[in-house]
Novice: 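Sending over a structure as structure tokens; questions will come in a sec.
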Amino acid sequence: MVENRPFLNFLTHLVLILGVLMVVFPVYLAFIASTHGPTDFMSGIVPLLPGDRFSANYGYLLGTGESTAGAPPFLLMLANSLVMAIMIAVGKIAISIISAFAIVYFRFPLRVPAFWLIFMTLMLPVEVRILPTYKVVADLGMLNSYSGLVIPVIASATATFLFRQFFLTVPEEMMEAARVDGAGPLKFFRDILLPLSRTNIAALFIIMFIYGWNQYLWPMLITTEPHYYTVVMGIKRLASVLDGDNQWNLVMAGVILAGLPPVLVIIFMQRLFVKGLVETEK
Amino acid sequence: MASIDVENVGKVYSGGVRAVTDIKLNIADGEFIVLVGPSGCGKSTLLRMVAGLETISEGEVKIGSRVVNNVEPADRDIAMVFQNYALYPHMTVYNNLAYGLKNRGTPKAEIDARVAEAARMLEITQYLERKPRALSGGQRQRVAMGRAIVRKPAAFLFDEPLSNLDAKLRVSMRGEIKRLQRRLGTTSIYVTHDQLEAMTLADRLVVLNGGQIEQIGAPLEVYHAPASTFVASFIGSPAMNLVKGELHGDKLAIGPAMIGLNGFAPTSGAVTVGVRAEDLRIARDDEEALPFRLEYTEELGAQRLIHGTVGDQQITAAVSPEIALSPEMRIAVDAKRLHFFSIDTGKRLPGHVPAEAKFAPVEPVL
Amino acid sequence: MQTKRTVFHSRILPYFLLAPQLIITLIFFVWPAAQAIWQSFLRQDPFGLKVTFVWFANYTRLLDDPDYLNALGATFVFSVGVTVLSMGLSLMFAVAVNRLLRSGRFYTTLLVWPYAVAPAAAGLLWWFMFNPSVGIIPYLLSFLGYEWNHRLHTGDAIVLIIIAAAWKQISYNFLFFVAGLQSVPQSLTEAAAIDGAGPFKRFWTVVFPLLSPTTFFLAVINITYAMFDTFGIVDATTSGGPSQSTNILVYKVYADGFIGLNLGPSAAQSVILMLIVVVLTVVQFRWIERKVQY
């Protein structure tokens, strides 16, 4: 549309710049704080420019950690988080895509009940059934293990729905042509359906990776050995101990370390991320 | 190469909806059969039962001498061309053609040879390394054909393969399909709702309506001696005029007019009278004729269609564009060009069959 | 329910394909939920020796408990606060980005990443910003004569977690508003412009009403988010205090169950939360059905 309103253009940019500031500023401040020494906060005011303790602070956290605070070296916790997030994302995608395949490409007696059972998981977030779920996992001997961190959370109604929706849009003839070409169900799944789902898998992987990385309550409950701690729960332990000592530089360095990996994933794979986010909610 | 026999086949869906009733059709080896009818007439269902994509509720289907009711599509030795081509979008043209052969464990060298041969035949050799999305509609159509050809199946099954193409391409691909089928001599079943496509391609037409066969016959047979009012109105463009008439001895009354039949009356009483637009002409002053009130005309170039009424019934006639028109005209028809149908069942009444309908189809010189 | 018109024929394969999902669902979702429902009708004596079936006594006691009613109230204030604040800001940003062509993408990149920040980390970021002794915001507020202290003032504490939770949710709302705005046909705003409506009037009379399905959907999603996905924010910052002012339902379930070990009442709380999720999910799916009809 031909419409030139300089004031409106100015306002548009002003709103967005303020928005970006609002979004970025807390992280900027956290980063600045993480480059200072603990005494720099004594004056009562947070400095606004970087200090000289960047490598000292981050090196200390990554390599040594605050074991007394229940925060082992961050390298370990980052590795744990990475393993957990990837296992959760891969697990969710794997079991969801085969469920959706069964629901769309087969007709069998318990199809509809099975679908509703999967649907029910949407209504039972871990936060509302913590105690009994904890008990089940404890009874199965899965406390303090990667399987305990991952398996109880990899059922996914959202992912199953997404794949179901996608499979329904794949032309009927694709499967018919494959059958005429001599492909059975598993061959069709591997040769045709899986390659066709590539973009959806990638988009979903990003969403599920972030979900997995940001797990908090569940890892906190089932891990008591520092060996299995994840970074998101680690920074909370760090904060609750160091807050009293005013060691905000280390706490903020921890926050930056915990937040950086998923944020980078979003920034570098923005297009896939947006696709994944918008489509999983459809 | 094989014959296909469809013996008393019926299809009832799980909701009890009946799609196809008691179809009996014997297709000779190498024959090109076109199933034609309006949407919902069961033509695709029938084809898909032959393909093995739908279960057969009643009767049996034989390919060659083998009953295939419970045989997987891949094991029926058929190949299918789909309306939307169903090319695998993530595979190159080469792999699209080769996929079925690979699944059957064909040796690599033979796959290469067959793909190369099919590609040459269809003139798609230069596109073998492309993905389908980089091809035009016509090229995709050729790839879909190629996928069927490489398999050297006993039969080709075509499910409206041309309806996604624009009009001009449709005509040329139609010729191509016919040429290939003649050359390969593979038994073919072709489904379409386009009567022109059906007329031009078929050795024999099968006109379907409401899940049942209305008529089987060579294109000209069906055109000149339609077995029912349904076939009469479906085959041919413009559609055959169908009007109410009454037979009194050797005379036919249509609305206010009465014309003599020269001994062609098959029965007496009320009938449906059919007459093709091109069989109508402007009457000479000295002959019996129908009074025609002109409403509008359509120019087709070589012909002019004049639309109007006789009494209160709609009539379309095709006349030469040179003939002068007036609002009130008289139109005539040779009695032997009239078709009579039962007013109750719509079936053709036995009697005269035009000579043209008895001609055997013309075999092309190869 | 829909399948393909032709399907593969196999008696056992589909069950194998569904098995992993169903087994996990049954063991870790359905069974614990059933346990919670069962336990919500039981009460243990203080020594854990005797269990009695008490019908709805846990529920009635809960609804008479001032702490629980307080948690309900806090949850309500918190959810509404997060939803309104986050959606309002996001809508503003989305409308602004939608006016831009090339630079819109740049702003988008800078606005979407807080989605990836863990709730606990988001909580800590704002906890630091608002820290009464070293935080920058209390420092600025002191010039206005306001002495911020979320460790003592209940109002300050709830404002803090609202801001932290809303901040994290801005990216999500923003992306959906942008998608919604892009689906408003340009011909409509052009028609409105020809009808003489200025940019602001066009927005409120044409665009915003057409956006209402998105707005409604986001409202449900935001309430769900605020109620269930913000555990980390509360736990990493206020831990429910001061004087329970930020003890929202999902935190209270955890605190009562894991720290207080009150099994029956905690289970009753779980069941009430489940009912809330069920209602929110049903509402959300009604919305999807309506959208499909367009």
Side-chain angles (χ1 to χ4, degrees), chain A residues 1 8 12 15-16 19-20 23 26 30 41 44-46 95 98-99 101-102 104-108 112 114 117-118 121-125 127-133 136 152 154-155 168 172 175-176 185 210 214 216-217 232 235-236 239 248 252 255 258-259 262-263 266-267 270 274 277-278, chain C residues 1-8 10 13-14 17-18 20-22 24-25 27-29 31-33 35-36 92-93 96 99 107 109-114 116-118 120-121 124-126 128-129 133-134 136 139 175 179 190 193 199 228 231-232 236 250 254 257 266 270 273-274 277-278 281:
Chain A
M1 226 181 324
L8 212 57
T12 301
V15 162
L16 286 171
V20 169
V23 164
F41 301 97
I45 295 283
V46 177
I95 67 171
I98 57 176
S99 309
F101 179 54
V104 174
Y105 282 94
F106 293 86
R107 233 170 261 144
F108 51 95
V112 176
L117 196 62
I118 295 170
T121 61
L122 264 189
M123 307 196 183
L124 301 170
E127 285 80 3
V128 310
R129 54 184 166 82
I130 337 172
L131 262 177
T133 314
V136 168
I154 60 172
L168 288 175
E172 299 270 0
M175 177 258 209
E176 294 172 359
I210 292 168
N214 289 347
Y216 178 69
L217 175 59
V232 173
I235 54 169
K236 194 263 163 165
W248 282 99
M252 286 301 118
V255 169
V263 168
I266 284 198
I267 289 177
Q270 192 182 325
V274 173
L277 192 68
V278 176
Chain C
M1 202 181 55
Q2 229 177 330
T3 52
K4 294 292 178 181
R5 70 182 168 202
T6 41
V7 292
F8 287 111
S10 171
L13 184 60
L17 293 170
L18 277 170
Q21 178 102 296
L22 291 185
I24 290 171
T25 302
I27 296 180
F28 297 108
F29 287 77
W31 171 249
Q35 289 275 304
M92 211 160 72
F93 302 153
R99 285 194 79 243
Y107 285 118
T109 306
L110 287 174
L111 286 171
V112 296
W113 55 265
V117 176
L124 287 175
L125 285 173
W126 288 93
F128 180 57
M129 293 272 285
S133 50
V134 300
I136 189 162
Y139 172 75
L175 285 173
E190 284 169 352
F228 299 101
F231 175 87
V250 61
Y254 160 80
S266 171
S270 286
L273 277 178
M274 278 182 223
V277 189
V278 169
T281 312

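Computed over heavy atoms, backbone and side chain alike; hydrogens, waters and symmetry mates excluded. Each chain gets a letter, A, B and so on, in the order the sequences are listed, and its residues count up from 1. Just so it is clear, the structure is predicted and the values come from calculations on it, not from any experiment.
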Novice: Would a distance-only check, ignoring hydrogens and angles, find a side-chain to backbone donor-acceptor pair under 3.5 Å from A:Arg129 to C:Phe28?
Specialist: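 A pair under 3.5 Å: yes.
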Novice: Can any side-chain N or O of A:Arg107 pair as donor or acceptor with the backbone N or O of C:Thr6 at less than 3.5 Å?
Specialist: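 Side chain of A:Arg107 to backbone of C:Thr6, a donor-acceptor pair under 3.5 Å: no, none is there.
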Novice: What pair of heavy atoms forms the shortest contact from A:Val232 to C:Ala120, and how long is it?
Specialist: CG1-CB, 4.1 Å
Novice: Return the minimal non-hydrogen interatomic distance between C:Val7 and A:Tyr105, and the atom names on each side.
Specialist: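 Smallest heavy-atom distance, with atoms named: CB-O, 3.5 Å.
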Novice: To the nearest 0.5 angstrom, please state how far the OG1 atom of C:Thr25 sits from the CD1 atom of A:Ile95.
Specialist: 7.0 Å
Novice: A:Ile267, A:Val255, A:Thr121, A:Ile235: which one forms the most heavy-atom pairs within less than 4.5 Å of chain C?
Specialist: A:Thr121
Novice: Using the rule side-chain contact (heavy atoms from CB on, under 4.5 Å), only one of A:Ile266, A:Val23, A:Leu277 pairs with C:Val112; which is it?
Specialist: A:Ile266
Novice: Select, from C:Ala179, C:Ala121, C:Ala118, C:Gly232, the one with the greatest count of heavy-atom pairs under 4.5 Å involving chain A.
Specialist: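 Among C:Ala179, C:Ala121, C:Ala118, C:Gly232, the one with the most close pairs to chain A is C:Ala118.
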Novice: Can you see which heavy atom on A:Tyr216 is nearest to which on C:Ala236, and at what distance?
Specialist: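 Taking every non-hydrogen atom into account, OH-N, 4.2 Å.
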Novice: In terms of heavy-atom pairs under 4.5 Å with chain C, which of A:Gly259, A:Pro262, A:Gly19, A:Pro185 leads?
Specialist: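 When all of A:Gly259, A:Pro262, A:Gly19, A:Pro185 are compared, A:Pro185 has the most.
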Novice: What residue, out of A:Val274, A:Leu117, A:Ile154, has the most heavy-atom pairs lying under 4.5 Å from chain C?
Specialist: A:Leu117
Novice: Which heavy atom of C:Gln21 sits nearest to which heavy atom of A:Ala155, and what is that distance?
Specialist: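 It is OE1-CA, 3.4 Å.
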Novice: What part of C:Leu124 gets within 4.5 angstrom of chain A, counting heavy atoms only: side chain, backbone, both, or neither?
Specialist: both
Novice: Do C:Leu18 and A:Phe108 have side chains that get closer than 4.5 Å, going by heavy atoms?
Specialist: yes
Novice: Under 4.5 Å from any heavy atom of chain C, what part of A:Ala114 do you find: side chain, backbone, both or neither?
Specialist: both
Novice: Considering only heavy atoms from C-beta outward, does the side chain of C:Leu111 approach that of A:Leu16 to under 4.5 Å?
Specialist: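 SC-SC contact between C:Leu111 and A:Leu16 confirmed.
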Novice: Below 4.5 Å from any heavy atom of chain C, which atoms of A:Ile210 appear? Answer side chain, backbone, both or neither.
Specialist: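 Just the side chain, heavy atoms under 4.5 Å.
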Novice: Return the minimal non-hydrogen interatomic distance between A:Pro152 and C:Phe29, and the atom names on each side.
Specialist: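 Between these two residues, the closest heavy atoms are O-CE1, 3.6 Å.
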Novice: Side chain, backbone, both or neither: which part of C:Ser266 has a heavy atom under 4.5 Å from chain A?
Specialist: side chain
Novice: Tell me, for A:Val20 versus chain C, whether the close heavy atoms (under 4.5 Å) come from the side chain, the backbone, both or neither.
Specialist: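 Both parts, backbone and side chain.
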Novice: Taking the side chain as every heavy atom from C-beta outward, state whether A:Leu8 and C:Arg99 have any atom pair closer than 4.5 Å.
Specialist: yes
Novice: Would you indicate whether the side-chain heavy atoms of A:Leu124 and C:Val277 approach each other to under 4.5 Å?
Specialist: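 C:Val277 vs A:Leu124: side chains apart.
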Novice: Does C:Tyr107 have any ring-ring contact (aromatic ring centres under 6.0 Å, His included) partners at least two apart in sequence or in another chain, and if so, which?
Specialist: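 For C:Tyr107, the residues satisfying ring-ring contact (aromatic ring centres under 6.0 Å, His included) (neighbours in sequence not counted) are A:His13.
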Novice: Please find the pair of heavy atoms, one from A:Leu131 and one from C:Gly257, that lie closest to each other, and give the distance.
Specialist: CD1-CA, 3.5 Å
Novice: With sequence neighbours left out, write down each residue that passes salt bridge (charged side-chain N to carboxylate O under 4.0 Å, His left out) with C:Arg5, or none if nothing qualifies.
Specialist: A:Glu173, A:Glu176
